Chemist: 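This is the structure I want to talk about, given as structure tokens.
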Amino acid sequence: MPLLTLIVFTPLIGAILIALVPVREVRVLRGVSFGITLLTALLGFLVWQEFDPNQAAFQLTESRPWFELPGALAVNYSLGIDGISILLVSLTAFLMPLVLVSASQSITTRVREFLVWLLIMEAGMLGVFLATDIFLFYVFWEVSLVPLYFMLGIWGGERRLYATLKFFLFTLAGSLVMLVGVIALVYLSGTLDIAALTQWAGTQPLEVQGWLFAAFALAFAIKVPLLPFHTWLPDAHTEAPTAGSVILAGVLLKMGTYGLLRFGIAMFPLAALEASTLFMILGALGIIYGAFLAMAQTDVKRLIACSSVSHLGFVVLGMFALTGAGLRGSVLQMVNHGLSTGLLFLLIGMIYERRHSRELADYGGIAKVMPLFAFFFVFSVLSSVGLPGLNGFVGEWLILLGAFEASPVLTAVSVTGVIFGAVYLLRATRLMLFGEITHTENKTLSDLTPRELGVLTPICLLCLVIGVMPGPFIQRTEASLAVIEQRLDAARDQQAARVELDLPDDQKPESAR
Amino acid sequence: MDTTIAETGQLWPWLIPGLPLMGALLTGAMHLAGLRRPKNDDKATSKPLAANIAILAMAAAFAFSIKGFLALRGGEANILSTSYDWIPTGDFTVSWSLMIDHLSSLMTLVVTGVGLLIHIYAAGYMKGDTGYAKFFAYLNLFVAMMLMLVLSDNMVGTFVGWEGVGLCSYLLIGFWYKDSWRAEAAQKAFVVNRIGDAAFLLGMFILATTLGSLDYSAINSEASLLAKPELPWKLSLAALLLFGGACGKSAQIPLFVWLPDAMAGPTPVSALIHAATMVTSGVYLVVRLNPLFAAAPLVLTLIGAIGAATAFVAGTSALRQRDLKGVLAYSTVSQLGYMFLALGVGAFSSAIFHLVTHAFFKALLFLAAGSVIHGMNKEQDMHKMGGLKAHMPKTCLTFIAGAAALSGLPLMSGFFSKDEILAQAFAGGGVSLILWAVGLVTAAITATYTWRMVALVFFGKERFDKQAVHPHESGALMTTPLFVLALLSVGGGILGLPIVFHAPHILGEWLAPVVEPGQAILAAAHNGHLSHLTEWILLGVGAMIALGCAHLAFHAHRQGTQSDLAFETKHPELALSLSNAWGIDRAYQVMLVQPVMTAASAISTLFDLALIDGAVNGLGRFAQRLGQRVSRQASGHLGAYGLTIGGAACALAAIWMWIGA
Amino acid sequence: MNVPTEHLLILSAILFAIGMGGFLLRRNMIVVLMSIELMLNAANLAFLAGARQHAALAGHWVAEGPVMVTFVIAVAAVEAAVGLALVIAFYRRKQTVSLDRLSPTGAASKAN
Amino acid sequence: MSFESLQDLYLGAGPALAPLLWLTGGLLAVLIAEITPGLTRLRPAVVPAALLGAAWSAGQLIAEPSGLVLGGTFMGDSQTGAFTLIFLGATLLAWGQARHYYGQEEPFLGEHDALLITAPIGMILMAGAQDLIVFFIGLELLSIPLYCLAAFRRTRDDSVEAGLRYFILGAFGVTLFLMGAGLVYTTAGTLNIEGLGDALVALTTPLGSVGMALILASLLFKAGVAPFHLWVPDVYQGSPTPITTLMATGTKAAAFAFLLRLAPILPSEAGLPLGIIGVATLALGNLGALVQTDLKRLLAWSGIAHAGLLLLVISAAVSAAGTNQQAEILNAATSALLLYLLAYAFAAGGALGLVAWMEADGEDHTQLSRWQGLGSVRPGVAAGMTLFLLSLGGIPATGGFLGKWLAFSTAVRADMLPLAVLGALTSVIALGYYLRVIITMWMKPRPESWAIPSMNRPLAAFLAGFCAAMVLALGLIPGFVLGPLF
């Protein structure tokens, strides 16, 4: 049965259902939407089971002709999943029901619209990861922007209008440049299917691959966000409602890194080789810069947002090391970051509902009053700091190992990121949880309710499982990553061959003359 | 993997770290469950149950360690546990797997043995505390992580234990989190450890990329190839970085600043973590990778130098401490300096020997100090104690036994282990002679501060006010472990009697197979051998110094705090700088922590908000202004429109003509 | 005597220039309308010059020029009518035909 | 000219002229109904009937195009048919929005409808013209009704002034065209576009090039491209909203239809300058719209920006002239233009329709500030407006995106990559102001004091729904439009 179409369109149909169903009370709406996301999660689990780990090409593919572009280019609605997208699809399907449960408390005004936008966003995100036709990918890529724009704008904090406009325009500028890149790619290669495009792009000389890679990389760099383009993230996170920031951190940022992998490295290996040092430097800078930013924050949500910049710096560092360990680590770290930062945002959302303040100064000593909250908060801090035994460590260790093979110096710099990570996150823990209870309001805070525990425990369990047994998760990506590594090796030979040709004649070895 | 090791895949080794882990989970669950129940029946029956589960788990782990020890003693080869695949890195796969060999079985014995005693002691010490179950959960978790560290057969497994113990020390130092200075101490401990861990990570990556695997067996065998010239500096760099990690964990210069602050934790914690087990993991790592370090002579000499320096600096700082646990903390740093000095001169087995004896007497001293503090309801300043001999006879007796061992009085365990190190240093000749000299001076200082402490606490006038404080002897639960440890500290020496005593050096032979590859490489380089006469002279000198300084210090401080106060008035700034470890900590604060914080706020406000955000908002405003000008053009004045249209038409005509030409 | 086509084109250009001058500079709407008519006739002249030239080349009467001119004249009439109607409507509102009385629009106009 | 030759001149032209015949029939019917007292009741039904009939016949024309007719002066191919559909759509929208729109002018609706139905006749002639004369007639038949319609609300200053401004500048534009045509005619000797194409060398003489430039200037003026754009904001804002819809969608489409006809005969070097003007207009239009506070003026400026992008497409077709891919690029340009204009017609038409609908509740509803918090009161209208704005912004799943994709792909295939990238970046500014409107509607609270807009006009609701459906259909299932086109 068309599993992938089902998984993408269940939330969409759900959204339409919720928008139109005449029911008034909010509880029923929340129940229905939770049911829908649960159904999607179930489908996601089914996809996880059906997935055959040792097949590199797209699996569970479905394709139906959609329409014809001028120049006899058939655009078809085609979905598929492979090693690179399986983890992210499952993460999205897994996070959404939990996000919905946590959102149901904090969102009290215009609930119907909120649920509709939430479900549309889930469909958009799943679509981005599953689309195997580049036109469809682009449609889902931009469609997934609109829901968050509305969620940020309507249910956000004080400076939400500025934050949401900035978020939208930033990402859009990148994706419009990518639009030109996509069009050029499509008309140069004559096909819209991503697998065929990857095949074609591999054969192209460096010049062609170069600027196409640049067009794609710019859009994804803004989305990741890489260093110079990151200023939208702290604003967007601080002003977003809890559900918004969990999804933004959990999945939306990963569309950038997923894009860099699928459309950057896999498609244009030669260009990726050239650009690898630049991106590794940007990654390393991102790590240090994000960490320093986080150290200076007084607003705890902004602090977590800056930590995301640092964590994603790791992912990019690992990815553009272009080594086996680096690629595996970055794909896994995408999921890990989603889980640990998602946890942190959920927790901050819960404490915000009780205390209505995000300033660290307003807290202090609440571990006494809310021990369960303290336990979960310390757990998620440890997961995000990369304590061995939890998920963060596996990803970070693989990334650093992979990056070390590529450039030891940059890895040495990035490892300090591990230290700063501990500094700013533990500082936040100390200021929030430990010490005397200075503010009277903190004395009467109620601890986590069973519903909140129900949201947090599955994520923590998953963190533990990935930390102890990452095998099955990494195994699923092995086949596709192996293909990428082969393409990179082939590109390296090409590059070596090309270097030989550039040598002036007298230095050229006998064979190449 | 050489085939001599027993057939692979026994399951029971997993029980050694597994049982404390189970204990931690159980007591943790009890604690969390306890939270759900309303506050009033806090004193519920679950209290002793948590302690019993923890102690049971420790006892079981100890039993299995003994089983491993006996198996190895019976001539069996190293025992390997079933291994499970953990992280596939593309080239090689890291796996969860344990190996019990001579070194790790010894370490497990020490960890579980001393750990068991400390658990029993803690059951008494922590009685009235609200977080009782939580405390035992953390303690058990710590022991589980430490066992993972020592038993793992690859470096990544060790790293799990390495950061695991870092986490538990963070949780336990900040156990009474209500006072923020304890939380800060905990954070400082974790961050400084993390700096060490970062160096450990880099060292691991060098080994992974050059040797292609992180299993100890592979590294140690590969490293012996080091003799060949083609991989010299890479593996030395790896050794140096791993030593950096060891410095972080075992509190050596420059990363020792966290240990004195770690005294903020409950005393059993200081005893277990910051005396007996965690701080020794650095020594264990160097011994485990002894071929690698042996093959990097430069790094070894550096280790020796740092060890000696740390010993001396910490020793002098201990002299001026007024806080009882402060003295013990700096003493630990100093003794660890000794162990690294031993490693520096290649005496791997004597370092382990000192590690074991140190575990006994330092744990004893901490526990005894704990019972003193318990009795003096949380008073830790020695100047407010004195004359407790009468009130706490058992504690005083055991304390003196520990002090004797620490200061290296003849026939005590400390005497044998410390002098063996000094003998090896002396035998080394050349550079290590200087190390020997520093060691000797530090031995004198050690004796001095130890007996100053004994005098101030147990003898002389009672300097506390009677109404508020009623010092009393601790209960049986706390004193029995003291006696057991006292026995071990006094008798521990037999483990490694010097050759001149014509008795077998038990520990040396036991560790021979582990240490032999490293010794082989070192022997190839140089081999100092002492004659019997020099051995006797060294023993004599050591004993004389210990006895002399002990006697002097004891009598100087017998009356009370006069000599301390006199010293402080005579050279105040020296006293002050010595009392906080030569001002190194403050130097870090000023040179490292402040600049980082100001850089962070500078980046956040100046660079991020002003520059990048400024540019982005500027772009927006610029577009707005441009828009104003453009839209103002359409002002409604027809004449202007006509003009622009006419002008544009002419311009177009000009372009066309230009095209035409 | 055959007048060369260039002369006719120059005359048409001059007429066009005068019309354009009147259109751009004069403030009175009626005069603007008149100058539009003038420009239209300049265009007619250009067409006829062209038709004459091609008729001489082709040796037979060429229809495009005159047909175009007829249409232009018809359209000129219609434009005049509509133009004047608009001017009258404007006059009825503002009691003047001066172009300056057209109210300014855009950002300057409303207090926004 | 014997009768037979006249007869066979028209014989073959049946299907090509069918839409025109329908419309002229409609015009006559309206006039007759206006005069005879008994039939005034029928009048409201005549115009839509004529429009639908014309639309049906245009559909037939697309199915089997009948090629050159009327002695080679009018091209009845599927391209003309498609453009005719756009014109008829625009007029239908304008007609629908005009119902109940006018207050005092209600009794003059007869004249309004008559003028309204002549406009598409002019547009069709412009779209199909193969001869400058036919184009001129079409241009006049389109412009003059619009001059009157713009000034239709005699009781309001801005409408009269809009009409006057439009007339004066429009007339000036026409004179430019005529002068240009005259010069071109003298140098090339023919007014037929095919002929002009062959006489390319003549056109490069100074006189010929001035002529072509003037023709082009008048066309760019009509399309509202910078630097000829200054009249657009005032006229669009001043004239009644239904007429603004007609002008924004219909006139722009007609101007670009003829530009498409001219593209093959323009020298290929002209491609780059036109492209630069196009991107400049895109930037200018977007920047101008950024600061607008009046919705109609904002949509006017955004119309200028869209015209800039369309000019970029034309310039791509022009720059490909003479190269081997010319036919391919021209084909791509045509389909890009058609789809873009169709999507733009429904998006802009829909948006202006909503503005017209809201104006029934008070003149100042064209002010953006009056739309604050509409989402909470009238979610339907706000959702519709949001969809139209997203389509204008080119967000996927709407027709606007596909139009933008096709436009950029034409530019890319004519390898004008730098211009395409520049165009892409400037169109980010567009989202700046579209989002501002969406923010005002959804994300700002509505002051309690404001009354809830009455909104009881079923026809306007139907039209808005129809536009929204078309915009979504073009985005989601564009096959039904792209398919038959080529």
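Because the structure is a prediction, the values reported are computed rather than measured. All chains are named by letter (A, B, ...) in the order of the sequence lines, taking the proteins before the strands, and each is independently numbered beginning at 1.
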Chemist: Measure the CG-CZ distance between B:L652 and D:F228 for me, rounded to the nearest 0.5 Å.
Modeler: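 With rounding to 0.5 Å, CG (B:L652) is 5.5 Å from CZ (D:F228).
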Chemist: Determine whether B:W656 and D:P267 make a side-chain contact, defined as any pair of heavy atoms from C-beta on separated by less than 4.5 Å.
Modeler: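 In short, these two side chains touch, coming nearer than 4.5 Å.
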Chemist: Side chain, backbone, both or neither: which part of D:L220 has a heavy atom under 4.5 Å from chain B?
Modeler: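 Only the side chain of D:L220 comes within 4.5 Å of chain B.
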Chemist: Once rounded to the nearest 0.5 Å, what's the spacing between atom CG of D:L207 and atom CE of B:M657?
Modeler: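 Result: 9.5 Å between the selected atoms.
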Chemist: How long is the span from the CG atom in D:L287 to the CD atom in B:Q628, to the nearest 0.5 Å?
Modeler: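 Output value for this atom pair is 11.0 Å.
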Chemist: Would one find more than 12 heavy atoms of other residues, nucleotides or ligands at under 6.0 Å from atom OH of B:Y84?
Modeler: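 Yes, enclosed.
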Chemist: If you define the side chain from C-beta out and look only at heavy atoms, does anything of D:I168 sit under 4.5 Å from B:Y641?
Modeler: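 Answer no - side chains too far apart.
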Chemist: Select one option (side chain, backbone, both, neither) describing which atoms of D:L214 are under 4.5 Å from chain B's heavy atoms.
Modeler: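 Side chain only.
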Chemist: So D:P273 and B:I655, do their side chains get closer than 4.5 Å, heavy atoms only?
Modeler: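 The answer is yes, as the side chains (C-beta and beyond) meet within the 4.5 Å cut-off.
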Chemist: Please examine the side chains of D:L176 and B:I645, heavy atoms only from C-beta on, and report whether any two atoms are closer than 4.5 Å.
Modeler: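 Answer yes - side chains close enough.
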Chemist: CG/D:L284 to CG/B:L626 distance, rounded to the nearest 0.5 angstrom?
Modeler: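 Result: 8.0 Å between the selected atoms.
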Chemist: Which atoms form the tightest heavy-atom contact between B:S631 and D:G288, and what is the distance?
Modeler: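 Nearest heavy atoms, B:S631 then D:G288: CB-O, 4.2 Å.
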Chemist: To the nearest 0.5 Å, what is the distance between CG (D:L290) and CD (B:Q624)?
Modeler: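 It comes to 4.5 Å.
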